[in-house]
Structure formats: structure tokens, C-alpha cells
Number of protein chains: 2
Amino acid sequence: MNRPAPIRVVLADDERMVRTALRAILCAEPDLDVVGEAATGAEAVSVVRELRPDVVLMDVRMPETDGIRATEQILATLDDPPRIVVVTTFENDSYVYDALRAGAAGFLLKRADADALVQAVRLVARSDSLLFPAALRTLAAEHARARPAPPAWVAKLTGREREVLRHMARGLTNAEIARLMEVGPATVKSHVAAVLAKTGTRDRTQAVIAAYEAGFLNGG
Amino acid sequence: MNRPAPIRVVLADDERMVRTALRAILCAEPDLDVVGEAATGAEAVSVVRELRPDVVLMDVRMPETDGIRATEQILATLDDPPRIVVVTTFENDSYVYDALRAGAAGFLLKRADADALVQAVRLVARSDSLLFPAALRTLAAEHARARPAPPAWVAKLTGREREVLRHMARGLTNAEIARLMEVGPATVKSHVAAVLAKTGTRDRTQAVIAAYEAGFLNGG
DNA sequence: ATCCGCCTCCGCCGGACGGGGGAGAGGTTC
DNA sequence: GAACCTCTCCCCCGTCCGGCGGAGGCGGAT
């Protein structure tokens with residue numbers, strides 16, 4: 001096997017010790033070459049732009065710009081961008097999903113051993129074939145859906161209004177909701193009107209749609 | 001570096017040539033040991049149960065029991081089960097998501113080169129740290145949710161009725177839908193009535209809910 | 001003590017909705 | 001050709017919905 005061009009790696013992590021450790025591990029391999037480091041997300045973007053590495057190991061938690069944003073920026077602004085491996089501490093870190101959305105090519109736990117690290121770098125550097133972790137599995141299985149932005153109106157609903165909206169989203173009429181909540185129909189009408197006003201919708205159907213889109217129903 | 005115990009691998013693929021090729025690639029590595037093969041999903045389950053490998057390369061499409069079911073069975077019935085890497089041909093294969101749900105530890109494309117293959121096996125054999133592919137990215141981003149069972153009524157809707165339902169699910173009134181579809185309001189009423197009948201719902205709100213629950217909207 | 005938000009209710013009104021019919025035109029299937 | 005489905009449109013009618021304005025009670029905030 002001949003490896004004329006080693007894999008060029010950039011490390012982005014705000015802790016110097018982490019960078020040093022990673023560099024030590026990676027440089028021990030003849031086919032890996034750590035060509036640059038960055039301590040912030042912004043720095044990572046400019047370093048990558050300049051050095052054009054094959055792979056970036058990107059910490060999620062960094063000052064100024066976090067790893068996710070940096071990833072987005074790199075992938076958006078460079079043509080032929082590097083593969084970006086997002087590094088995180090916990091498997092169930094919510095960043096995992098963000099990393100996925102941002103376009104990260106891979107995902108690595110900090111507690112991964114040296115062996116796994118170098119193999120992950122090699123793998124991500126030269127293939128479309130990839131793997132996925134327990135975190136992603138639970139992500140996909142449990143909340144299964146992205147939580148994009150909790151729309152402002154959700155917080156503005158009063159308890160009663162949430163309750164009414166939930167019943168609306170089950171397809172109940174005002175009269176049914178009234179019976180269920182043991183109040184008068186007029187009361188339900190008031191709550192419904194409030195819900196429509198706060199959600200910026202004009203009828204119950206649109207309100208229910210908004211509830212679904214917002215992941216308001218149990219999902220959140 | 002000492003590697004006292006090589007990684008024990010079982011191959012499950014219905015095509016002999018594929019198994020042979022994989023065996024050749026993997027056996028060339030001193031730390032990998034192909035200990036068994038299977039040509040069907042059912043066979044894979046029993047072979048794995050007997051040989052207790054560290055890693056299984058599992059084809060998705062196999063006679064009798066497919067790779068997904070086999071994966072489920074293996075993970076459900078064995079304690080301390082092997083890591084299972086699901087092998088597929090296309091990145092956007094819908095099996096990818098099923099594999100994820102079934103508990104596969106990894107995912108590999110058939111067009112992956114030998115290098116990627118052995119590295120993937122090593123990686124999956126000894127770590128929690130993993131990577132994920134473009135397929136998963138689109139999967140997570142686009143349909144993002146599991147498709148449990150396409151309710152019977154979906155198939156019974158005529159083209160026009162689907163169209164109307166889609167508009168209903170955007171919160172439009174009959175009049176608006178009529179304008180949009182360039183037909184009379186009475187026509188839309190007819191279609192809406194048909195949709196309500198076929199979905200077994202009593203008003204447009206319930207119909208929209210049914211559409212959402214069925215993943216009828218764009219997702220399918 | 002006062003104000004404000006929340007919950008509870010009232011009446012009135014117009015419009016949208018859904019149910020029940022029916023009917024004609026075009027296409028497919030048998 | 002007959003039966004059938006789909007799409008198109010029409011009528012009437014009763015109900016539900018949403019907008020309007022108003023009101024009383026209750027509790028927390030200042």
C-alpha cells in the first residue's frame with residue numbers, strides 16, 4: 001500500500017490539552033497529518049478556509065462560535081469542503097442532532113479510545129460508508145422528530161388554553177370540549193378565540209395545524 | 001501493539017460471490033477473522049447464536065428472513081449480542097432507517113472500498129463512537145419520523161380528493177381551495193365530503209388530524 | 001388598594017361547514 | 001351497450017363556528 005498523500009487534519013477545540021492529546025494520537029499514525037488547530041469556532045472557520053484539510057475534528061462547545069455553527073459555515077462557504085467530525089462528550093447530547101442537521105460527516109465521543117479515533121478519521125476521510133451511534137438511535141426512536149424552534153405563541157397560552165387546544169387537536173367540537181372540561185360552551189368559545197388570536201390563526205383547523213407543526217402535541 | 005484476540009466476523013449475504021469477496025478482503029487483515037457465513041436471515045440468526053462473533057455484516061435483502069428482521073431477532077434473543085453492520089446498496093435505501101430502528105450498530109454501502117470496509121469493522125467492533133451518512137441526514141431532515149402503517153383510506157382517495165385534503169391540511173377554506181383548483185365551490189364541497197367519508201371523520205379538522213397522523217403530508 | 005391576567009359566562013350575527021339529495025359529462029371495465 | 005367511477009356542479013337546510021362586545025369573580029403583582 002502506498003500513501004503518497006497523508007490525510008490532513010485540523011483540530012478545533014477550546015482546550016489546549018485536548019488538542020495536544022489529539023495531535024499526539026493522530027501524529028503517531030504515518031498516514032495522518034495534523035496541519036492546524038483552532039480554539040474557537042470562528043478561528044476554525046478561517047483556519048479551515050486557509051489550510052483546506054481533509055478532515056476537521058470539531059468540538060461542539062467552543063467560545064464565540066460553537067462547533068455546530070462553524071460546521072454550517074464551513075460547509076456553506078467552501079466548495080469541496082472537508083469532512084467534519086463533530087466531537088462531543090455525551091452520547092445523548094442534544095448537539096448530536098444539530099450536528100447531523102449542520103451536515104457533519106461524523107460524530108465522535110470524547111471517551112473514544114485512540115484506536116477508534118484514528119480509524120474514524122481514516123474512515124470519514126475516504127468513504128461514503130458510515131456508521132451511527134446509540135445516541136442517534138434513541139434520537140430517532142424517541143423524540144424521532146426535530147425540534148426546530150418552539151414558536152413564541154406556545155409560551156403565551158394559558159393553562160386552560162393549552163388544554164382546549166389539545167382537545168381541538170383531537171378533533172372535538174366546542175360542545176364536546178365543554179362537557180369534557182365541565183364548563184359552559186361559551187367558556188370554551190372564549191378559550192378557542194384566545195387560542196386563535198395567540199396562534200395567529202383564523203379557525204380551529206389552522207390552529208390544529210399550528211399545534212402539529214409546533215410539535216405542541218405531547219412531542220413537546 | 002499486540003492483538004491477542006482477532007475480531008471475529010460473520011458474513012450474512014445471499015450471494016456467494018459477495019461473501020467470498022468480503023471474506024477475501026477481511027481475511028487479508030491479521031486482526032480480522034471470518035468465522036462463519038450465512039445465506040439467509042434465519043441462517044444468520046442460528047449461525048450467530050452458535051458462533052458468537054464480535055461483528056456481523058448483514059445484507060438487508062435476503063430470502064426467508066431479511067436482514068432487518070434477523071438483526072432484530074439477534075439483538076432481542078442474545079445477551080451480549082454482536083455489533084451488527086447492515087449492508088445496503090443504495091444510500092437512500094429505506095432500509096437504512098429500519099436498520100437504525102432494529103438496533104444495527106452500523107451501516108455500510110456495498111460500493112465501499114476494501115479500506116473502508118475493514119476500518120468500519122474495526123471501528124464498530126471496539127467502540128461507542130460512530131459516524132453517520134448522507135442517507136441518515138436526509139432521513140432525519142426530511143421524513144424525520146417513522147412510518148408505522150399507511151392507513152387503508154389513503155389508497156382509496158382519488159387524485160382530486162388527495163389534492164383537496166392537502167389543501168385542507170394547509171388550513172384553507174373550501175372557497176380558497178376552489179379558487180386555487182379553479183373549480184366551483186360546490187365541487188370542492190363534494191370532494192371534501194368524499195374525504196370525510198373515506199377517512200371516517202366528521203369534519204375537516206378531524207380529517208386534517210388523520211392526514212397528519214397518517215403521515216399523509218409530503219412525508220408520504 | 002388598584003391594576004391586570006385568567007377563568008367563567010352571556011347574547012347576537014353572519015358566514016362557513018357538513019348532510020342529504022340529485023345530475024350531467026367523460027372515462028374504464030366487462 | 002351497460003355498469004361503474006371520477007369529476008364537475010346544483011339545490012336546501014340545520015348546525016357549528018368565529019367575531020363582536022360585555023360582564024363578573026378571583027388571585028397575584030406593585
Side-chain angles (χ1 to χ4, degrees), chain A residues 150-218 220, chain B residues 150-218 220:
Chain A
W153 57 260
V154 178
K156 296 189 172 179
L157 294 180
T158 69
R160 230 35 182 166
E161 285 157 4
R162 292 164 194 275
E163 208 172 329
V164 168
L165 178 53
R166 250 179 265 278
H167 289 133
M168 286 196 284
R170 288 172 47 203
L172 304 183
T173 67
N174 290 342
E176 288 168 336
I177 297 173
R179 276 195 291 279
L180 217 64
M181 292 174 63
E182 295 182 321
V183 297
T187 305
V188 175
K189 283 191 68 171
S190 295
H191 292 317
V192 170
V195 168
L196 297 184
K198 290 181 182 176
T199 54
T201 54
R202 71 175 169 212
D203 57 43
R204 68 201 300 99
T205 303
Q206 287 191 351
V208 169
I209 293 167
Y212 268 89
E213 300 290 357
F216 174 78
L217 304 163
N218 200 355
Chain B
W153 57 260
V154 178
K156 297 189 171 180
L157 294 180
T158 69
R160 226 42 177 160
E161 286 157 4
R162 293 164 194 274
E163 208 173 329
V164 169
L165 178 52
R166 251 179 263 280
H167 289 134
M168 286 197 286
R170 288 173 47 204
L172 304 183
T173 67
N174 289 345
E176 288 168 337
I177 297 172
R179 277 195 291 277
L180 217 63
M181 291 174 63
E182 294 180 323
V183 296
T187 304
V188 175
K189 281 193 67 172
S190 295
H191 291 315
V192 170
V195 168
L196 297 184
K198 290 181 181 176
T199 55
T201 53
R202 71 177 169 209
D203 56 44
R204 66 201 301 100
T205 304
Q206 287 191 351
V208 169
I209 293 168
Y212 267 90
E213 300 290 355
F216 174 80
L217 304 164
N218 198 354

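Chain letters run A, B, ... following the sequence lines, proteins first, then strands; residues in each count from 1.
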J.: Kindly point out which of dC10(C), dC7(C), dG18(C) is positioned nearest to the side chain of Val192(B)?
T.: dG18(C)
J.: Mind checking if Ala193(B) touches a base, just sugar-phosphate, or nothing, with heavy atoms under 4.0 Å?
T.: nothing
J.: Quickly work out the Leu157(A) CG to dG5(C) P distance and round it to whole Å.
T.: 16 Å
J.: Quick check: do Met168(A) and Thr205(B) have side-chain heavy atoms less than 4.5 Å from each other?
T.: no
J.: In whole Å, what is the span from the CD atom of Glu182(A) to the P atom of dC9(C)?
T.: 11 Å
J.: What is the separation between atom CZ on Arg204(B) and atom P on dG15(C), rounded to the nearest whole Å?
T.: 18 Å
J.: Between Lys198(A) and Val183(A), which residue's closest nucleotide on DNA chain C lies nearer the 5′ terminus?
T.: Lys198(A)
J.: Ignoring hydrogens and angles, answer whether the base of dG19(C) and the side-chain atoms of Lys189(B) contain a donor-acceptor pair closer than 3.5 Å.
T.: yes
J.: Would you say Thr158(A) places a side-chain N or O within less than 4.0 Å of OP1 or OP2 belonging to dC7(C)?
T.: yes
J.: Remember a base hit wins even if backbone is also touched, and classify Thr187(A) as base, sugar-phosphate or nothing at under 4.0 Å, heavy atoms.
T.: base
J.: With side chains defined as the heavy atoms from C-beta onward, is the minimum distance between Arg170(B) and Ile209(A) less than 4.5 Å?
T.: no
J.: Tell me the interatomic distance from Glu161(A), atom CD, to dT8(C), atom C1', rounded to whole angstroms.
T.: 13 Å
J.: Give the rounded distance in Å between these two atoms: NZ of Lys156(B) and P of dC4(D).
T.: 17 Å
J.: Establish, with yes or no, whether the OP1 or OP2 oxygen of dG18(D) is under 4.0 angstrom from a side-chain nitrogen or oxygen of Arg202(A).
T.: no
J.: Taking only side-chain N and O atoms of Asn174(B), does any of them lie within less than 4.0 angstrom of OP1 or OP2 on dA16(C)?
T.: no
J.: OP1 or OP2 of dC9(D) versus the side-chain N and O atoms of His191(B): is any pair under 4.0 Å?
T.: no
J.: Mapping Asp203(B) and Gly159(B) onto DNA chain D by nearest heavy atom, which one lands closer to the 5' end?
T.: Gly159(B)
J.: Whole angstroms only, please: what is the CG-P distance between Leu196(B) and dA16(C)?
T.: 18 Å
J.: Would you call His167(B) and Val164(B) a side-chain contact if the rule is heavy atoms closer than 4.5 Å?
T.: no
J.: Using whole Å, report how far CZ of Arg160(B) lies from C1' of dG26(C).
T.: 14 Å
J.: Is a donor on one side and an acceptor on the other found under 3.5 Å between the side chain of Gln206(B) and the backbone of Gly171(A)?
T.: yes
J.: If the test is side chain to side chain donor-acceptor pair (under 3.5 Å), which one of Arg160(B), Lys156(B), Arg162(B), Glu161(B) qualifies with Thr158(B)?
T.: Glu161(B)
J.: Write down the distance between CD1 (Ile177(A)) and C1' (dC17(D)), rounded to a whole number of angstrom.
T.: 12 Å
J.: Decide yes or no, distance alone: a donor-acceptor N/O pair under 3.5 angstrom between the base of dC17(D) and the side-chain of Thr173(A).
T.: no
